[in-house]
Chemist: 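First the structure, which I've put down as structure tokens, then a few questions once you've had a look.
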Amino acid sequence: MSEIALKVSDLSFAYGAKKALDGVGLAVASGECTILLGPNGAGKSTLFSLITRLYDARQGRIELCGFDIKRQSLQALAKLGVVFQQTTLDPDLSVSQNLRYHAALHGIGRKAADARIREELERLQMYERRGEKVRQLNGGHKRRVEIARALLHKPKLLLLDEPTVGLDMPSRRAIVDHVHQLVKQQNLAVLWATHLIDEIADDDSLIVLHKGRVEAGGKLSDVLRDTACADAGQVFQKLTQDPPGVAT
Ligand code: ADP
Ligand code: MG
């Protein structure tokens, strides 16, 4: 049995009267890339905001590596690395400065931080660019720096919120491949939110979210069998498209 890095149970959340998540339950295992697939407005970013404690849910429970995020916040959040949908790097600082700042926030000493920064940037072929201001980097390279930053404190779970949106095909591929390698080499658990079905690999797990509800979940092969679909594109179509003529 693989280790469960993230467990979400019966989670609901509303913005005022607008329900964004409705009784969501899911699990993400170490050594697996789990794709959170859903169209715009499905509730993907809301779920990430609850996991990262940007918002608090009144109903439901979230556990990171067995730590309850409300009652054991510090232990839980130490296990978590995040790449948000909008970039959160400081454009006027260098790559290294951005990373050192994050390391300091996590209590990593300067020497250890520099060693970790080197390790992660080298893995992404970005070490030579460490002195450049983030402003000078293209979108794909900024995303790589954000992934390196999210991993500095060696989290068990990495959340990525639509990390390839707006990037060209080679940059998208590089990020998809890099994250899949990390999952395998480091037994990392990844939850990757997207609406792009070509980012799903054959051995990924899939959670289909639509209008705040989980419509399907499991290994891709199991979901294909359960939904009688030939590929992830058909699953997406079948579970997230409203029948024609039905107002939403
Ligand atoms: P996704 O990331 O899957 O596109 P979101 O989590 O951003 O979906 O949004 C889920 C739903 O909640 C959508 O209907 C969206 O309009 C609504 N929503 C998101 N953020 C807010 C907010 N700050 N205030 C009100 N409604 C919001
Ligand atoms: Mg979103």
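As the structure lists them, so they are numbered: ligands from 1, and atoms in each ligand from 1.
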Chemist: Does the side chain to side chain donor-acceptor pair (under 3.5 Å) test come out yes or no for R53 and S73, once each step is laid out?
Modeler: CA-CA 9 Å; R53 298 219 63 195; S73 297; 2.7 Å; yes
Chemist: What verdict does the ring-ring contact (aromatic ring centres under 6.0 Å, His included) test give for F48 and F84, after you've listed the backbone C-alpha separation in whole Å, the side-chain angles of each residue and the deciding distance to 0.1 Å?
Modeler: CA-CA 8 Å; F48 281 18; F84 287 105; 8.3 Å; no
Chemist: Could you check D68, L6, L47, T52 and say which one makes a side chain to side chain contact (heavy atoms under 4.5 Å, CB included) with I62?
Modeler: L6
Chemist: Between K19 and S12 (side chain of the first, backbone of the second, donor and acceptor by atom type, cut-off under 3.5 Å), is there such a pair?
Modeler: no
Chemist: How far does OG of S94 sit from NZ of K133, to the nearest 0.5 angstrom?
Modeler: 9.0 Å
Chemist: Heavy atom of G43 under 4.0 Å from ligand 1?
Modeler: yes
Chemist: Is there a nitrogen or oxygen of A20 sitting under 3.5 Å from a nitrogen or oxygen of ligand 1?
Modeler: no
Chemist: Are any of the N/O atoms on T46, whether in the backbone or the side chain, positioned under 3.5 angstrom from an N/O atom of ligand 1?
Modeler: yes
Chemist: Output yes if T46 passes the N/O/S-under-2.8 Å test against the Mg ion (ligand 2); output no otherwise.
Modeler: no
Chemist: If you have a sec, work out which protein heavy atom is nearest atom 13 (C) of ligand 1 and how many Å separate them, to one decimal?
Modeler: G41 O, 3.7 Å
Chemist: Does S45 bring an N, O or S atom to within less than 2.8 Å of the Mg ion (ligand 2)?
Modeler: yes
Chemist: Show me which atoms of ligand 1 lie under 4.0 Å from any heavy atom of A42.
Modeler: 1 (P), 3 (O), 8 (O)
Chemist: Return yes when G212 approaches ligand 1 closer than 4.0 angstrom through a heavy atom, no otherwise.
Modeler: no
Chemist: Looking at atom 16 (O) of ligand 1, what's its closest protein heavy atom, distance included?
Modeler: K18 CE, 4.4 Å
Chemist: Any heavy-atom pair between the side chains of T227 and L239 that's under 4.5 Å?
Modeler: yes
Chemist: Examine K44 against ligand 1 and note whether any of their N/O atoms are separated by less than 3.5 Å.
Modeler: yes
Chemist: Closest non-hydrogen protein atom to atom 7 (O) of ligand 1, residue and atom name please, with distance?
Modeler: S45 CB, 3.8 Å
Chemist: Out of all atoms in ligand 1, which are within 4.0 Å of some heavy atom of P39? Include the element for each.
Modeler: 3 (O)
Chemist: Can you list the atoms of ligand 1 that are under 4.0 Å from a heavy atom of N40?
Modeler: 4 (O)
Chemist: Donor-acceptor check, side chain of Q234 to backbone of A230, threshold 3.5 angstrom: yes or no?
Modeler: yes
Chemist: Would Y55 count as being in polar contact with ligand 1, using the rule that some N or O on each side must be under 3.5 angstrom apart?
Modeler: no
Chemist: At what distance, to the nearest 0.5 angstrom, does OG of S96 lie from CZ of R130?
Modeler: 6.5 Å
Chemist: So do P155 and K79 actually touch side chain to side chain, heavy atoms under 4.5 Å?
Modeler: no
Chemist: Which residue and non-hydrogen atom of the protein lie closest to atom 24 (N) of ligand 1, and at what distance in Å?
Modeler: Y15 CD2, 3.5 Å
Chemist: Do R144 and H178 have side chains that approach each other closer than 4.5 Å (heavy atoms only, starting at C-beta)?
Modeler: no
